[in-house]
Protein chains: 2
Amino acid sequence: MDQAKSLNIHHPFQQSFPTVARTPSTPITEHLAYLLAQANREINRQLDARFKKEGVPVEQWRILKVLSDGKGHSMGDLADAVLLNHPTLTKMVDRMVSDALVYRVQDPDDRRKVVMFISDRGKTLTQRLNSLALSQEAHIAENYGNKATADLKRLLESLIEKAN
Amino acid sequence: MDQAKSLNIHHPFQQSFPTVARTPSTPITEHLAYLLAQANREINRQLDARFKKEGVPVEQWRILKVLSDGKGHSMGDLADAVLLNHPTLTKMVDRMVSDALVYRVQDPDDRRKVVMFISDRGKTLTQRLNSLALSQEAHIAENYGNKATADLKRLLESLIEKAN
DNA sequence: AGGAAAATATTGAATATTCAACGATTCCCG
DNA sequence: CGGGAATCGTTGAATATTCAATATTTTCCT
């Protein structure tokens, strides 16, 4: 079938595309917000690719890593730490509980709270994920340079601090 | 109702939380991937807040901004430029077409392709969004410093380049 | 030329995220 | 003390994203 018919495509000109003189504005690639999004997307994608064989998304690694201090963390603290909204975290934790990676304990001191702990199974998985993540960091440092990496980290930390 | 009963909460100990000595590993806050995610989240959130009154998500601004050069862009090029997967872009463009911000034209030279254009309505919206975005950039530069901002941008560009 | 393979964009189903509202508990303050 | 307000986490519905499969068109190769 003709694609134009099925897609409701607009045909403003018969012979040519519209070409209009435009006053150029700042290209999107020069915006800090865009550069951050692009860098984050790329690095995150690479890390996800490494985690692929473990079948764990990056967010779950963050959760496991935070919990692997062995201490309990409330859902609220955890949400802040792993950069997830509360309802998103709740549902992700549900999945991780199903996979027996973490478990919930009701906080006896404040019964509104739930305290999250990592399981033994979660701990051993975390170790494998940590080594995958460290190997990525090593790979970046190698290609990108130790100084650049350190400078970038420092600048990002400072930006995050100022942004709050 | 008792929360523990409804939530299937685990009670591994009667009197105390499990506390286990752990060998500490690199904190998540020192990973580049985490710092990028955190900075991106924060900056993106702030930009989204500014765009709130226009009711436009950041991704749509990116699309509008790329199209505002007045030239046509194929869906594939656009997807790369705005950091969106193809199906996600298709559906977002559907919404933008409904809002009369952009329109589709079938490419006469390659009829597999769809060429996207911005509408007049899209252009005027883009101008408002651009000024909101520029004001955010100015705000960042002010709090964070011109040099730090420039350095950070340069390092991010370089990281993106090396990461490909 | 002709047919297999690649490229392009979309669709539908499955999955994930978000928003608003809720239930339970604790805090605060008169 | 008592009751309204705040906090904490979850839920359900609405929305958005992703994955796999598809339709169409073009390219490539012999």
Side-chain angles (χ1 to χ4, degrees), chain A residues 1-10 37 41 44-45 48-49 51-52 55-60 62-63 72-99 102-117, chain B residues 1-10 37 41 44-45 48-49 51-52 55-60 62-63 72-99 102-117:
Chain A
M1 180 175 36
D2 185 29
Q3 206 179 19
K5 289 207 185 93
S6 73
L7 285 175
N8 213 24
I9 283 181
H10 194 170
R41 179 179 160 92
N44 212 63
R45 192 202 292 288
D48 245 328
F51 287 175
K52 188 67 183 284
V56 177
V58 171
E59 290 79 10
Q60 291 196 13
R62 290 195 205 128
I63 294 171
H73 294 258
S74 73
M75 290 296 281
D77 291 351
L78 202 48
D80 291 343
V82 305
L83 315 175
L84 252 32
N85 298 342
H86 287 217
T88 306
L89 178 64
T90 291
K91 284 154 191 168
M92 188 160 287
V93 163
D94 287 346
R95 286 170 235 145
M96 295 174 77
V97 170
S98 298
D99 294 343
V102 299
Y103 57 92
R104 291 177 163 100
V105 177
Q106 192 180 46
D107 187 336
D109 297 333
D110 183 342
R111 291 165 54 224
R112 290 170 302 183
K113 291 190 184 175
V114 165
V115 187
M116 297 302 311
F117 289 95
Chain B
M1 181 176 35
D2 185 27
Q3 206 177 21
K5 289 207 185 90
S6 73
L7 286 176
N8 212 24
I9 284 180
H10 195 170
R41 180 180 160 91
N44 212 64
R45 193 202 290 288
D48 244 328
F51 286 173
K52 188 68 183 286
V56 177
V58 170
E59 290 78 11
Q60 291 196 14
R62 290 195 205 129
I63 294 171
H73 294 259
S74 75
M75 291 295 281
D77 291 351
L78 202 50
D80 291 343
V82 304
L83 315 175
L84 252 31
N85 298 342
H86 286 218
T88 306
L89 178 64
T90 291
K91 283 152 192 169
M92 186 160 289
V93 162
D94 286 347
R95 285 170 237 147
M96 296 174 78
V97 169
S98 298
D99 294 343
V102 299
Y103 56 91
R104 291 176 163 101
V105 177
Q106 192 179 46
D107 187 336
D109 296 334
D110 183 342
R111 292 166 54 223
R112 290 171 304 185
K113 291 189 183 174
V114 165
V115 187
M116 297 302 311
F117 289 95

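Remark: P of C/dA16 and CD1 of A/Ile63 are 13 Å apart, rounded to the nearest angstrom. Computed from coordinates, the A/Glu59 CD to C/dA16 C1' distance equals 10 Å when rounded to whole Å. Rounding to whole angstrom units, CG of residue A/Asp109 and P of C/dT26 are separated by 10 Å. In this structure, A/Asp77 atom CG and D/dT7 atom P are separated by 14 Å, rounded to whole Å. As a whole-Å value, the separation of A/Met75 CE from C/dT25 P is 17 Å. Separating the CG atom of B/Asp110 from the C1' atom of D/dT27 is a distance of 10 Å, rounded to the nearest angstrom. Atom NZ in B/Lys113 sits about 12 Å away from atom C1' in D/dT25, given to the nearest Å. Atoms CG (B/Asn85) and P (C/dG12) sit 19 Å apart, rounded to a whole Å.
For the pair A/Ser74 and D/dG9, the criterion of a side-chain N or O lying under 4.0 Å from OP1 or OP2 is met. Distances shorter than 4.0 Å separate some side-chain N or O of B/Arg104 from OP1 or OP2 on C/dT10.
When the salt bridge (charged side-chain N to carboxylate O under 4.0 Å, His left out) test is applied to B/Asp77, no partner is found at least two apart in sequence or on another chain. The side-chain contact (heavy atoms from CB on, under 4.5 Å) search around B/Arg62 returns A/Ile28, A/Tyr34, A/Ala37, B/Asn44, B/Val58, B/Glu59, B/Val82, B/Leu83, not counting sequence neighbours. Applying the salt bridge (charged side-chain N to carboxylate O under 4.0 Å, His left out) test to B/Asp110 and every residue at least two apart in sequence or in another chain returns B/Arg112. Residues forming a side-chain contact (heavy atoms from CB on, under 4.5 Å) with B/Asn85 (at least two apart in sequence, or on another chain): A/Arg41, B/Pro87, B/Thr88.
No hydrogens or angles were tested; on distance alone, nothing pairs the side chain of A/Arg111 with the base of C/dT25 as donor and acceptor under 3.5 Å.
For the contact set between residues 88-98 of chain B and DNA chain D, defined by any heavy atom under 4.0 Å, the members are B/Thr88, B/Lys91, B/Met92, B/Arg95.
Considering only heavy atoms from C-beta on, A/Val102 comes within 4.5 Å of A/Val97 through its side chain.
What you find for A/Leu89 and A/Met75 is that their closest heavy atoms are CD2-O, 3.2 Å.
With C/dT10, D/dT7, D/dT26 as the choices, the nucleotide that has an atom nearest any side-chain atom of A/Arg112 turns out to be D/dT7. For A/His86, counting side-chain heavy atoms from C-beta on, the closest listed nucleotide (D/dG9, D/dT25, D/dA20) is D/dG9.
Between the CG atom in B/Leu84 and the CG atom in B/Leu78 there is a gap of 8.5 Å [rounded to 0.5 Å]. With rounding to the nearest 0.5 Å, the separation of CE in A/Met96 from CD1 in A/Ile63 is 4.5 Å. With rounding to the nearest 0.5 angstrom, the CZ atom of B/Phe117 is 13.5 Å from the CZ atom of B/Arg104.
Note on the helix from C/dA1-D/dT30 to C/dG30-D/dC1: terminal axis deviation equals 30°, with five pairs used at each end and the result rounded to 10°.
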